[in-house]
Amino acid sequence: MKNPRNPKLQVDIGGLALKNPVMTASGTFGYGEEYSRYIDLNRLGAIIVKGVSLERREGNPPQRIMETPCGMLNSIGLENVGVRSFIDDKIPFLKKFNVPVIVNIFGETAPEYRKVAEILSDVEGVHGLEVNISCPNVEKGGVAFGADPDMAYEITRDVKSVTDLPVIVKLTPNITDIAEIAESVESGGADAISLINTLKGMSVDIEKRVPHLKNITGGLSGPAVKPVALRMVWEVVNRVSVPVIGVGGIMDAADAVEFLIVGARAVQVGTANFVNPRATMDILEGIEDYLIDHDISDINELIGMLKKG
Amino acid sequence: MKNPRNPKLQVDIGGLALKNPVMTASGTFGYGEEYSRYIDLNRLGAIIVKGVSLERREGNPPQRIMETPCGMLNSIGLENVGVRSFIDDKIPFLKKFNVPVIVNIFGETAPEYRKVAEILSDVEGVHGLEVNISCPNVEKGGVAFGADPDMAYEITRDVKSVTDLPVIVKLTPNITDIAEIAESVESGGADAISLINTLKGMSVDIEKRVPHLKNITGGLSGPAVKPVALRMVWEVVNRVSVPVIGVGGIMDAADAVEFLIVGARAVQVGTANFVNPRATMDILEGIEDYLIDHDISDINELIGMLKKG
Amino acid sequence: MLHKNSMMSGRIISNREIAKDHFLMSLKVSSAESSFQEASPGQFVMLRVKGRKFPFLGRPLSIYSIYPDDGGFIVELLYRVVGEGTYVISRLKPDEEMYIMGPLGRGFDISPDHSCVILIAGGIGIAPLSFLCEHYRRCAAGRPQKIICYAGVQRSNLLVGLERMEEICSGVRISTDDGSRGYHGLVTELFKNDLSSYGHRDSIIYACGPSAMLKGLAGILKDQSVSCQVSVEERMACGVGACLGCAVRVKSGYKRVCRDGPVFDIHEIVWD
Amino acid sequence: MLHKNSMMSGRIISNREIAKDHFLMSLKVSSAESSFQEASPGQFVMLRVKGRKFPFLGRPLSIYSIYPDDGGFIVELLYRVVGEGTYVISRLKPDEEMYIMGPLGRGFDISPDHSCVILIAGGIGIAPLSFLCEHYRRCAAGRPQKIICYAGVQRSNLLVGLERMEEICSGVRISTDDGSRGYHGLVTELFKNDLSSYGHRDSIIYACGPSAMLKGLAGILKDQSVSCQVSVEERMACGVGACLGCAVRVKSGYKRVCRDGPVFDIHEIVWD
Ligand SMILES: Cc1cc2nc3c(=O)[nH]c(=O)nc-3n(C[C@H](O)[C@H](O)[C@H](O)COP(=O)(O)OP(=O)(O)OC[C@H]3O[C@@H](n4cnc5c(N)ncnc54)[C@H](O)[C@@H]3O)c2cc1C
Ligand SMILES: Cc1cc2nc3c(=O)[nH]c(=O)nc-3n(C[C@H](O)[C@H](O)[C@H](O)COP(=O)(O)OP(=O)(O)OC[C@H]3O[C@@H](n4cnc5c(N)ncnc54)[C@H](O)[C@@H]3O)c2cc1C
Ligand SMILES: Cc1cc2nc3c(=O)[nH]c(=O)nc-3n(C[C@H](O)[C@H](O)[C@H](O)COP(=O)(O)O)c2cc1C
Ligand SMILES: Cc1cc2nc3c(=O)[nH]c(=O)nc-3n(C[C@H](O)[C@H](O)[C@H](O)COP(=O)(O)O)c2cc1C
Ligand code: FES
Ligand code: FES
């Protein structure tokens, strides 16, 4: 029986059952702890933590961020503590919560991706992997893999071969044909696809005549990129059958609902956390209200319901 | 002798001497007439008119535009009167002004590009061509050519072979490697390169569950895309030696100066015209003020002066 | 010739909610040489808030009223909050500075040949028609013998902008969707019932309202010889005819609402 | 434990220009259970304007003053307009609603062990140091014997936030770049001249100002044993330690200004 007062929010992402479709985007939510005083982490669909690599990475020199019109550039450069410290220092805190933890992984080489995946596969408290082949802020790896269908296929297959965890592959928007890469990673065995990572951008200090970012270029995120993200999700859902997770400029529930209607099975909230630390909760509650107002008893009835006008 | 009170603004774009670097972007300034009551067209560096094709095109059905965060989507679909009517009905008005007129041309096939270029080459009052291989809103031609280095090379070469007018080729940002295409059109003989055209995007009406645009997707322009445009100009100026014209999200003089510092020889003002019909004049005056304030007597001393921080 | 003043600053004098979600804004435009001198009914302005980055594009609003004031003009706009842009505008307080571009577009074609003028307004569509009424009052010379106004709204408490109508018109007929005042039903039906009583040669209809209403009206008038001009709406970017964003389908292809309209002959438009 | 109230609404009580480009804003935060109860000197807030899309990211501002008021708190911020964000904030009028997140970061480490406290402020760096002074006044018990304040500005008419300093400190030494008041030159030079007169073991220095000033200070103190804590600045996105945007180079790599700082031991930072 329909009970629109209490709509079902569960979604399934490549075998991982989420209590709702609202996740945090990698790199925008630290390791969960940073936002735990603002929201109840148990209410999240999943937490995707900051990208983790085999060894500790220092990241890029500052200035690392710059505000742009309705968005921001970042060039963090995947600063992280390395997979061992992550397991020792960050997982114990996350395990206290009843929320799936998805680890965003990164490598400079294909074997490095595989190694990180392998190490994490045996760790209690890790529920899934998100393979970042789309970071624009590192010299090696990252977007170089994500822009090449063959490399994207291989890394996906390699990671899949060493883990039983659900594997999400995260795509870059800095590409001519996103659906082509999506098909490659699907045939490589990806259980789900997330998109988009940041658009490569730049900004200049006209007084000093230097780039604002020390790294010269950075990744653009925030509401400015939402139309691009939504279009890419649309192109990808039309070409693959694995679940797609929408990311990019989601600031409120209306934005999230746009992605769901277009066909995203879940969404990730990134830059919005910076602007409003309760963004994920506001979005979750807003999605619920939308379902109630529109008499939809199960969120899966909304997903992919775009009419073509 | 330096006269910073009256800086030189002249720039040379592939043999076309412009009195200043501020042009209007194609499709955002009609055929000049529409803005002639707001600004003195004679003061513009150049006018680039709405894209012209061999035959009249009706364009896409409405809704054709949608506001997005710090930007807009359009799917005009290259509505235009066709090259003959353009010459008969639009050129006479433009000829009354002392301003170079650059005609943005478009074709569904390579021969069509060549034909339009050929026809326009003999027309008095046409001072240059901008070859649009980057429109995201048409089924055939447009971005399909702009995303393929070989096609881009061929169309450029074809157009060059039938005209003595300076030929600017306009690139699409919906691409993995913008510098690669830039090199192709340079070797095809382009006299200058302009970028960027719009980023392909989408937006959804969550009440009706239809795309806002009847054409489903559209082109994103406005300040939201500026960081992407600036980054692409940077990548291209580092790889080609022909002049580059910066377009994308330029709203004020500070934005224009960013593009010049990065290495653009001139700029085009697009969406800003909609928001402020005097935008081009405000930008021109602002650039002049910047040069005066910074004791720069010739704008060419500013172009490409980015330090790497 | 150059009208620097076509893009003007206006200062908000007042911005009041006069019915649920319906606001009346008065703006003071300071220059007397402004293009507003020639504003005619059916024309509109593009409105933006100075110094705010949102709404990004201007919002088109019909001129509701305009009169000279102390070396400048007062421009009045009657608008309904339907989305974020109009919401932001509705929250503005007196003294806020606005950009106001206008008057724009081709307004109603006011011919002195018709002795009977019929106005049909759906909801906020009353705004330009009320200005048209005011126009007739001002040029008393050319005032038609009879002006009849039909105004349809959802509920009686959403009836706005009728004061002038009531003063000037020979008759004002109201319809409400919920029957809370006047005719219970659509304003087009109410009008249709009266249609036969008008002389088609002597009468002219001016209509403005939601496109469903105008489409309905087009259906009613399909085989009738009476003239009818409608003011239509479409999303706009430039407001001046440059972007081709505001296309409306007409028999010959597309036209620009902002420049070729917003007023069109009802039979020219392809209602689909 | 969940502090819903760490992200709060504040209402502007006043927002006055107290010197050219320097503003003092008072905000009323209504909830008494808010996290502001525990605010300590050197901590900051992230400030945004409600309902405006620009500035997009919050702007970090040090707490200048805070006191309970009628079941809530008054938070005072002293800021200088340096770019578009602070300009927009400076134009806000009383009653405007703000988002205010805080208090954030690790403030000054206030040890009762030092009998002599030296404050060195460059420009708007006075803000957190003035709050620190106020802190000493409030906890009279732990007040050090001697508090000396050095304040450097470009011109004498840019001296702000000194009132409390003058009441509380044993001495206030001023420097101006143009010599219009006090010592003619840099505040670090002024301090350097006095340095030998302080007992290094008994003294502690708290400093805030432009990074060039802090770097200069680091040079002066390089071979000295005196403790020195500095509050540094970096562009921020999240303000809570999640984005890694506000990196500052320290001997062991990078640290986050917003979470690990903004106050650091001067010798921990790599000044380049
Ligand atoms: C020539 C003209 C004159 C107008 N005069 C008036 C007037 O006097 N009073 C008044 O209240 N409104 C008038 N409108 C409509 C008004 O422009 C829109 O309601 C307004 O732009 C909506 O902006 P928003 O940001 O609040 O809505 P959005 O959030 O952008 O959209 C909300 C809803 O409004 C519709 N809408 C948005 N923009 C337009 C538009 N330009 N035309 C039609 N529908 C739109 C959308 O499709 C959507 O359903 C006029 C429109 C035109 C074209
Ligand atoms: C912990 C902390 C506490 C601060 N406390 C105060 C305070 O009490 N009073 C005060 O006036 N200012 C303070 N600042 C600085 C203040 O945050 C910046 O001046 C402000 O963010 C500039 O915003 P804008 O949009 O006006 O400038 P923009 O246009 O963004 O930039 C203008 C200039 O300011 C610099 N700038 C911008 N943001 C920062 C930043 N976060 N840190 C340092 N420099 C920046 C830019 O590099 C540029 O040179 C503090 C900064 C931090 C990190
Ligand atoms: C500061 C910052 C750091 C990020 N770090 C990572 C990362 O480590 N791994 C990754 O896959 N994506 C990273 N991203 C990308 C985001 O996860 C997200 O894909 C992107 O920001 C677009 O979403 P948004 O607009 O909601 O922020 C980062 C983004 C930002 C802004
Ligand atoms: C409404 C509209 C119509 C456009 N039409 C054309 C066109 O006909 N040919 C073309 O090359 N570019 C066209 N463009 C792209 C612009 O010229 C410009 O490249 C783009 O909008 C980015 O610049 P902006 O952000 O300053 O608008 C159009 C853009 C808009 C917004
Ligand atoms: S709004 Fe640009 S042509 Fe009408
Ligand atoms: S501002 Fe995000 S980590 Fe400091």
Side-chain angles (χ1 to χ4, degrees), chain B residues 24 27-43 49-51 56-81 205 207 212-214 218 221-224 251 270-279 281-282, chain C residues 1-9 35 38 46-50 52-60 82-86 88 99-105 211 232-250 252-260 269-270 272:
Chain B
T24 61
T28 66
F29 205 71
Y31 300 107
E33 185 272 331
E34 292 80 357
Y35 282 102
S36 60
R37 60 180 302 195
Y38 298 99
I39 62 167
D40 177 1
L41 302 184
N42 294 304
R43 293 183 61 201
V49 298
K50 174 70 190 165
R56 161 176 182 276
R57 289 176 64 98
E58 242 194 12
N60 291 326
Q63 177 173 344
R64 289 180 175 183
I65 44 181
M66 182 62 200
E67 180 164 329
T68 65
C70 294
M72 61 175 280
L73 288 169
N74 87 78
S75 66
I76 310 300
L78 281 167
E79 172 176 341
N80 79 92
V81 294
D205 181 330
E207 293 306 320
H212 278 117
L213 300 183
K214 192 75 176 180
S221 64
M251 300 303 283
T271 302
N273 293 304
F274 305 158
V275 168
N276 169 13
R278 290 185 40 80
M281 294 299 110
D282 292 348
Chain C
M1 113 229 67
L2 215 66
H3 292 258
K4 273 218 178 182
N5 293 330
S6 305
M7 174 75 177
M8 306 210 57
S9 291
S35 45
E38 304 129 36
M46 291 290 274
L47 195 69
R48 280 200 317 129
V49 196
K50 241 190 206 176
R52 296 235 188 158
K53 308 221 166 173
F54 178 84
F56 175 61
L57 299 171
R59 292 295 186 268
V82 299
E84 270 203 274
T86 43
V88 168
Y99 284 116
I100 173 164
M101 204 176 149
L104 299 168
S211 62
V232 302
E233 294 188 358
E234 193 44 70
R235 291 233 180 214
M236 293 187 177
C238 71
V240 300
C243 73
L244 310 182
C246 60
V248 58
R249 189 168 259 312
V250 295
S252 60
Y254 290 112
K255 283 199 169 176
R256 300 164 302 180
V257 171
C258 69
R259 183 82 180 231
D260 306 316
I269 290 178
V270 178
D272 50 16

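Throughout, a chain's letter reflects where its sequence line sits, starting with A, and its residues are numbered from 1. Side chains included, hydrogens not; waters and symmetry mates left out as well; all remaining heavy atoms used. What you are looking at is a predicted structure, and each value in this text was computed from that prediction instead of being measured.
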> Return each pair, listed once, that meets side-chain hydrogen bond (donor to acceptor under 3.5 Å, both in side chains) where at least one residue sits in residues 233-247 of chain C; pairs must be two or more places apart or across chains.
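Pairs touching residues 233-247 of chain C that pass the test: none.
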
> Mind checking the CD-CZ spacing from B/Glu67 to C/Arg59? Nearest 0.5 Å is all I need.
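The distance works out to 4.5 Å.
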
> Which of the residues C/Ala237, C/Gly241, C/Gly253 is involved in the greatest number of heavy-atom pairs with chain B at under 4.5 angstrom?
C/Ala237

> Where is the tightest heavy-atom contact between C/Ser35 and B/Arg37, given as atom of each residue plus distance?
CB-NH2, 4.0 Å

> Closest approach of B/Tyr35 and C/Ala242, non-hydrogen atoms and distance?
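Distance-wise, the nearest heavy atoms are CE1-CB, 3.3 Å.
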
> Identify the heavy atoms of C/Cys238 and B/Phe274 that sit nearest to each other, and give their distance.
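For C/Cys238 versus B/Phe274, the nearest heavy atoms are CB-CD2, 3.4 Å.
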
> Is it the backbone or the side chain of B/Met281 that comes under 4.5 Å from a heavy atom of chain C, or both, or neither?
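When you check distances to chain C, no heavy atom of B/Met281 falls under 4.5 Å.
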
> Hey, what do you get for CG (C/Leu244) to CG (B/Asn60), rounding to the nearest 0.5 Å?
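Rounded to the nearest 0.5 Å, the CG-CG separation comes out at 11.5 Å.
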
> Who are the salt bridge (charged side-chain N to carboxylate O under 4.0 Å, His left out) partners of B/Arg64, not counting sequence neighbours?
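B/Arg64 satisfies salt bridge (charged side-chain N to carboxylate O under 4.0 Å, His left out) with B/Glu79 only.
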
> Return the option, out of B/Gly32, B/Gly222, B/Gly71, with the maximum number of heavy-atom pairs under 4.5 Å with chain C.
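Greatest number of close heavy-atom pairs with chain C: B/Gly71.
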
> What option among B/Met72, B/Glu58, B/Met251, B/Gln63 has the most heavy-atom pairs under 4.5 Å with chain C?
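Max contact count across the listed options: B/Glu58.
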
> State, to 0.1 Å, how close C/Tyr254 and B/Gly59 come at their nearest heavy-atom pair, and which atoms those are.
CE1-O, 3.9 Å

> Does any backbone or side-chain atom of C/Phe54 lie under 4.5 Å from a heavy atom of chain B? Answer side chain, backbone, both or neither.
side chain

> Quick one: what part of B/Pro61 sits under 4.5 Å from any heavy atom of chain C, side chain, backbone, both or neither?
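When you check distances to chain C, atoms from both the backbone and side chain of B/Pro61 fall under 4.5 Å.
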
> Measuring from atom SG of C/Cys243 to atom CD1 of B/Ile65, what distance do you get when rounded to the nearest 0.5 angstrom?
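C/Cys243 SG to B/Ile65 CD1: 4.5 Å, rounded to 0.5 Å.
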
